[in-house]
**Student:** 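Can you keep this structure in mind? I'll have questions shortly.
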Amino acid sequence: MDFGNFLAALTPLNLAVAMFGVVAGTLIGSIPGLTATMAVAVLVPISFSMAPETALILLGAIYTGAIYGGAYAAILLNTPGTPSAIATTFDGYPLAKRGKGDLAVAIACFSSVFGGLVGAFALLFLAPPLASVALAFGPVEYFWLSIFGLSLIASLSQGNLMMGLAGGALGMIMSTVGVAEISADIRLTFGSQTMISGFEVVGAMIGLYCIPVLIDMCSTGEKHLKITGDVAKMPILSAARITFNSKFNLIRSSIIGTLVGILPGAGGSVAGLVAYTEAKRTAKPHQRFGEGEPDGIIATESANNATVGGGFIPTLVLGIPGTPPDAVILGALMVQGVRTGPELFQSNGSIVYTFIYGLLIATVLMLPIGLIIGRYAYKSIVTIPKAVLVPTVGFMTIIGTYAIRNSISDVVVMLCLGVFGWLISKYGFSASPIVLGLILGPIAEQGFVQAWTIGAAVNNLPGMFFGRPLSQGIIAVTLISLILPWYLSRKKQIKADT
Amino acid sequence: MFIKKIAKHTAMLTMAAAVSMSASSTYADSVNYIIPFGPGGESDISARIQQSFYKEKFGDDLVISYKPGGGGAAGWASLNGLNGDGQTIMGVNLPHIVIKPAQKDVGFTTGSIHTFYMFHYTPDAIVVIADSPYQTLQDLIDDAKSKPGGVVMSGSGKASANNLAQIKFDKMADINTTYVSFKGTGASTAALLGEQVTAQWGYTTVGAKQGKAVRMLAVAMEARHPLFPDVPTFKELGYDMVGGAYRGIALPSSASAETVTTWSNRIGEINADPAFRKKMISGGFALLDVDASQMSEFMKERTMEYLLDARAAGLIK
Amino acid sequence: MIDSSAKAVAAAPTDRGSRLGSILVASLLIIIGFITLYDATSYTDVDSKVFPQTSAIALILFSTLAIGKQIVQPTAVSGIELGSWWRRIVLVSSMLLACALMPYTGLLIACVLTFTLGLIASMHDKWTNRKAIVYFLSGLSIIVCFYLLFKFALHVPLP
């Protein structure tokens, strides 16, 4: 880890590549249906002709840009551009509806950069010890982690608890449709060939979030988002002020994001969710989460960008991908003949460190680039006449959903889910619990079945599920997050009564 | 005013489109190589290695796209509906395309997949961590005998190559191990490294990737893998097990005999390239050269073998 | 997210029609739960049954409780607000139409058709010739650009 590697990251080529990666990634991530994985996969062939560290910088820059770019659609259209931006819709869209969309986008940019830096620094200094933390997470821990995630749904649905939980259960059932991973059964397809691949998460997400917004937008003549202030100028200073005043939230969320990113299989969506719930739980009395509270955006956007650096830890140290884009990057490295795993830091240390410095630089570059692109995105969405905006976004949902699995049936499913989601949203049910159930369902199921199999084999089922210290910790946090809000509000009520 | 804005945006978008078009070569020539899984797995990696050699040999772009779903079923069910002009090919995997249709109606039959080349396989291997008390295969067998069901082995997928290998070996060695299915080799390796399980039914590629962190007890090959001269084969130790997950490429059924031959030759040429072979072997893969002319014989043998094994394992009726 | 809908509906009256709608949706979910339980009886592997069954039971339970809550202590829900039905139907149908046409006409033509219909559905101001041409052309150019982007830059095999 010497200065030479840092200088190597600053060569004109590497800088250019970092910049291009961030721009391309942000643009691709902002289009619902195009994910970070796709963005990375498409540019892999270009990386073959580059030196390994340059290739890594390119792919890493795209990845981090894409995670940030998902915030645009989340804030301005209530549609996560990538699954990692799901939790950004909670406060991003309400803030935009109040006329402060530009502020929201700028806050998202600052938070993403900060979170990305924290993740990258963790990668730089703490990779080996954090990698062993990742390994300690076995099937049982993943199971309890997903239960924790589902309990967060409960805490988020305070107004309509039963409906939120029902939505989550529905999402989990939807996740079982198709060929079961853990056995050879085909479930809930009723003989149809189309549903054999199950509900595709990103398509379902677009359907449940975006289509209802489009239907509502076309049915009335009001303007989509209020505009307060000058559209041409971004409130950069106030965004920076707000973001950095929330130091505790910012740092805590970035750490949560890094840790979640380390766990293979958990991704930006889970990180954003956990960080958001923590921020909400520790909210000050005057803060109104869910109605456009900036701290909500700060929490989710810093957490999801921190997963980028965090995800590289098991990828580079263990050769096990932390997130799907990492899997693609691993493949690209293999082709280059770079062997990841324990050998990497020893034999190819200069490649790794040059890459990490490059990732840091790309993250820093994301600040000016992100603000510029963000301003452009905000301007376009807010000033385009609704009559053009609605069909344009409709077109993008079609082409975006198709592009995920090259399947027209995915698009049809997306539209049907959209109508269904619109209908039920009018009667108290919300999209997020369903989507979260869809994402967490497979993790819960696989974790449960695997843990059960192992526990039964060693004749210690209770010990398996409840006896491991890490699981006990997660169970405790779950119980606290379920009981504490109820307990505190009871205490307040009792105090108010006396 | 709105028109001016639209004009400006259109100009920018067109410029961007033009740049991106020129950045990639003419579309008419590029070939679509569909992987019926998500990115990052062994199928993807071996395809990527082929991709890196394809352009310099044949001038066109080989573009990899993914169509995951149903453990490969979604892709294979759609194969024969695709254009057979030779611009679209799809990866195929054994034992998947034999076992899946035998279990349930998955939208395709083994015979309907027209594979024209099998270019590699990843040999089955039993992998343990470096700290494991098992130094040799016999250690594992002895331990398994002393606690039936108590030796827990991770693997990728149910009714997959790993699962079949576990069942077959259990029968041969007269032991009873517990198999835990994970989603992909990455996840099953993570379980091994984190000591969530005792051992792993994996492939030689795991040994290659993890290097000194793991030890392979045996590999299912005819002769020892060049990368691992110290690891015995199952055959040497008295267990007749040779095999693993085979990977190849198929064309839609509407493709002409010429197209099939052309493609068979192309892939064969890449396979024969010493630099390609070196890359594959150093990744832990084992190469195979079954081209279109030998394919039906090869598939017949493998199908019989897999169906027999799967029936004996109770995976199919 | 959900809190904001709670705030919005606190202002809206607890209208019987909306409450009924809420109960109907919950009942639909209960039916889905039972369908899942029924399908689970056909699985061969015990492992595949556990999760769907548990989730289905949870779904039925929570939906029933939701119905109970609506009857006993109704929370106001927004219901379907005023808005033009024909526009909604045209928008959604135009997108479904694109899916139906895509295998035959290719994505480009199908989406242009969808865009046109969607444009008509979303246009609330008065039409002028100028607006019609500008809006349509701008949409067309966006569609073409994205089509090119996806097809050539991202190598997505579009129909």
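The sequence lines fix the lettering, A, B, ..., with proteins before strands; numbering per chain opens at 1.
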**Student:** What are the two closest heavy atoms between A/A457 and B/V152, and how far apart are they?
**Tutor:** CB-CG2, 3.9 Å
**Student:** Could you tell me which portion of B/S65 (side chain, backbone, both or neither) has an atom closer than 4.5 angstrom to a non-hydrogen atom of chain A?
**Tutor:** side chain
**Student:** Is it the backbone or the side chain of B/V197 that comes under 4.5 Å from a heavy atom of chain A, or both, or neither?
**Tutor:**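 For B/V197, the side chain is the part near chain A, not the backbone.
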**Student:** Suppose we screen for side-chain contact (heavy atoms from CB on, under 4.5 Å). Which residues come up paired with A/T392, at least two apart in sequence or across chains?
**Tutor:** A/V388, C/F115, C/I142
**Student:** If you draw a 6.0 Å radius around NZ in B/K278, do more than 12 non-hydrogen atoms from other residues or ligands fall strictly inside?
**Tutor:** no
**Student:** Any non-hydrogen side-chain atom of A/Q450 less than 4.5 Å from a side-chain atom of B/S181?
**Tutor:**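 A side-chain contact is absent here, since even the closest heavy-atom pair is not under 4.5 Å.
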**Student:** Return the minimal non-hydrogen interatomic distance between B/R48 and A/V44, and the atom names on each side.
**Tutor:** NH1-CG1, 3.4 Å
**Student:** Measure the CD-CD1 distance between B/Q103 and A/I186 for me, rounded to the nearest 0.5 Å.
**Tutor:**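 Output value for this atom pair is 9.0 Å.
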**Student:** Less than 4.5 Å to any heavy atom of chain B: does that hold for the side chain of A/A41, its backbone, both, or neither?
**Tutor:** both
**Student:** Do the side chains of B/T178 and A/V458 get nearer than 4.5 Å, heavy atoms only?
**Tutor:**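 A/V458 does not reach B/T178 side chain to side chain.
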**Student:** Any side-chain heavy atom of B/V180 sitting closer than 4.5 Å to one from A/V449?
**Tutor:**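 Answer no - side chains too far apart.
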**Student:** How many angstroms lie between OG1 in A/T37 and OH in B/Y66, if you round to the nearest 0.5 Å?
**Tutor:**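 Going from OG1 on A/T37 over to OH on B/Y66, the span is 9.5 Å.
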**Student:** Find the one option among A/G331, A/S49, A/A327, A/P314 whose heavy-atom pairs under 4.5 Å with chain B are most numerous.
**Tutor:** A/A327
**Student:** Which residue is it: A/I320, A/L330, A/L318? I am looking for the one with a side-chain contact (heavy atoms from CB on, under 4.5 Å) to B/K209.
**Tutor:** A/L330
**Student:** In the structure I gave you, are the side-chain heavy atoms of A/F137 and B/Q196 within less than 4.5 Å of one another anywhere?
**Tutor:** no
**Student:** Using 0.5 Å steps for rounding, measure from the CG atom of B/N32 to the CG atom of A/N406.
**Tutor:**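 Atom-to-atom, B/N32:CG and A/N406:CG are 7.0 Å apart.
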**Student:** Using a 4.5 Å cut-off on heavy atoms from C-beta on, say whether the side chain of B/D61 contacts that of A/P45.
**Tutor:** no
**Student:** List the residues meeting side-chain contact (heavy atoms from CB on, under 4.5 Å) with A/I404, not counting sequence neighbours, and say none if there are none.
**Tutor:** A/M38, A/E200, A/V202
**Student:** Checking B/A190 against chain A: side chain, backbone, both or neither under 4.5 Å from a heavy atom?
**Tutor:** both
**Student:** Give, as side chain, backbone, both or neither, the part of A/T453 having an atom under 4.5 angstrom from any heavy atom of chain B.
**Tutor:** both
**Student:** As an exercise: rank B/K183, B/K279, B/M280 by heavy-atom pairs under 4.5 Å with chain A and give me the winner.
**Tutor:** B/K183
**Student:** Is any side-chain heavy atom of B/F182 closer than 4.5 Å to one of A/Q446?
**Tutor:**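 Sidechains of B/F182 and A/Q446: no contact.
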